[in-house]
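Take a look at this one; I'll ask things after.
Quick caveat, the model's predicted, so the values are computed rather than measured. Side-chain atoms are counted along with the backbone in the values below, which use heavy atoms only and exclude waters and symmetry mates. One-based numbering along the sequence shown.
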Amino acid sequence: QVQLVESGGGLVQAGGSLRLSCAASISILSINDMGWYRQAPGKQRELVALITSTGTANYQEFVKGRFTISRDNAKNTVYLQMNSLKPEDTAVYYCYADRILTTGSKYVYWGQGTQVTVSS
């Protein structure tokens, strides 16, 4: 139905940067909100950032000023630019999308996750 494919994770030192990408299998013009969640070992999955269909970004406090979410409708892709990375940012990062159909039904989709590891 809708596939979300993440890429860009890896291993970096504290203070470094990574750029995550999430490519959707359909036009993101058909998608309401897209964003990123993360889950560290032994912890609950948490919201990182969200971007609306109009391009309005929302961030959790722990990443404000360090992370930037953006949306490229032509490429059906959402990005997460992560700067000033900290060891506590280490987690599996999951792409998120929701879609509201003409019927009014809302659907939620998840990517498979990409590992981000920040060494101290």
- Restricting to pairs with a member in residues 43-95, which pass ring pair (Phe, Tyr, Trp, His ring centres under 6.0 Å), not counting sequence neighbours? none
- Separation of Leu85 CG from Arg66 CZ (nearest 0.5 Å):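 The CZ atom of Arg66 sits 6.5 Å away from the CG atom of Leu85.
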- Min side-chain heavy-atom separation Tyr107-Val2 under 4.5 Å: no
- Task: Measure the acute angle between the ring planes of Tyr96 and Trp110, then classify it against the limits of 30° and 60° as parallel, tilted or perpendicular.
- Result: perpendicular
- Item | Reported CG-to-NZ distance for the pair Asp33 and Lys106, which is rounded to 0.5 angstrom |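 If we round to the nearest 0.5 Å, Asp33:CG and Lys106:NZ are 7.0 Å apart.
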- Message: Any heavy-atom pair between the side chains of Arg38 and Val48 that's under 4.5 Å?
- Response: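 Yes; the side chains approach each other to less than 4.5 Å.
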- Item | Euclidean distance, Asn58 CG relative to Ile51 CD1, rounded to 0.5 Å |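 Atom-to-atom, Ile51:CD1 and Asn58:CG are 9.0 Å apart.
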- Does Leu47 share a hydrophobic cluster with Val108, counting links as ILVMFWY side-chain heavy atoms below 4.5 Å and allowing steps through other members?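 Linked, Leu47 and Val108 end up in one cluster.
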- Query: Should we count CD of Glu88 as having more than 12 external heavy atoms under 6.0 Å?
  - Reply: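 Counting other residues, nucleotides and ligands, CD of Glu88 exceeds 12 neighbours.
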- Message: Tell me the closest heavy-atom pair linking Ser120 and Pro87, and the distance in Å.
- Response: CB-CG, 3.7 Å
- In the single-linkage hydrophobic clustering (I, L, V, M, F, W, Y; side-chain heavy atoms under 4.5 Å), do Trp36 and Ile31 co-cluster? yes
- Task: State yes or no: do Val63 and Val78 share one hydrophobic cluster built from I, L, V, M, F, W and Y residues joined by side-chain heavy-atom distances below 4.5 Å, directly or via other members?
- Result: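 Yes, Val63 connects to Val78 through the hydrophobic network.
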- Message: Please report the interatomic distance OG(Ser105) to CZ(Arg99), rounded to the nearest 0.5 Å.
- Response: 11.0 Å
- Message: Name the residue from Val5, Leu4, Leu80 that meets the side-chain contact (heavy atoms from CB on, under 4.5 Å) definition with Cys22.
- Response: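 For Cys22, the side-chain contact (heavy atoms from CB on, under 4.5 Å) check succeeds only for Leu4.
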- Message: Main chain of Gln3, side chain of Ser25: is a donor-acceptor contact present, judged purely on distance under 3.5 Å?
- Response: yes
- So do the side chains of Glu6 and Gln112 get within less than 4.5 Å of each other, counting heavy atoms only?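 When only atoms from C-beta onward are counted, Gln112 and Glu6 do touch, with a gap below 4.5 Å.
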- Message: Between Arg71 and Thr77, is there a side-chain heavy-atom distance shorter than 4.5 Å?
- Response: no
- Query: With a 4.5 Å limit on heavy-atom distance, are the side chains of Ile69 and Leu50 in contact?
  - Reply: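 No, every pair of side-chain atoms sits at 4.5 Å or beyond.
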- Measuring from Ser70:OG to Met34:CE, what's the distance to the nearest 0.5 Å? 11.0 Å
- Item | Short side-chain to backbone donor-acceptor contact, Gln60 and Lys64, under 3.5 Å |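 Absent.
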- With respect to Val116, which candidate in Leu20, Val12, Val92 satisfies the side-chain contact (heavy atoms from CB on, under 4.5 Å) definition?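 Among the candidates, only Leu20 passes.
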- Message: Within this structure, what is the OG1-CZ distance for the pair Thr68 and Arg19, rounded to the nearest 0.5 Å?
- Response: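 Those atoms lie 10.5 Å apart.
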- Message: Is it true that Asn83 and Ser17 share a donor-acceptor pair across their side chains at a distance under 3.5 Å?
- Response: yes
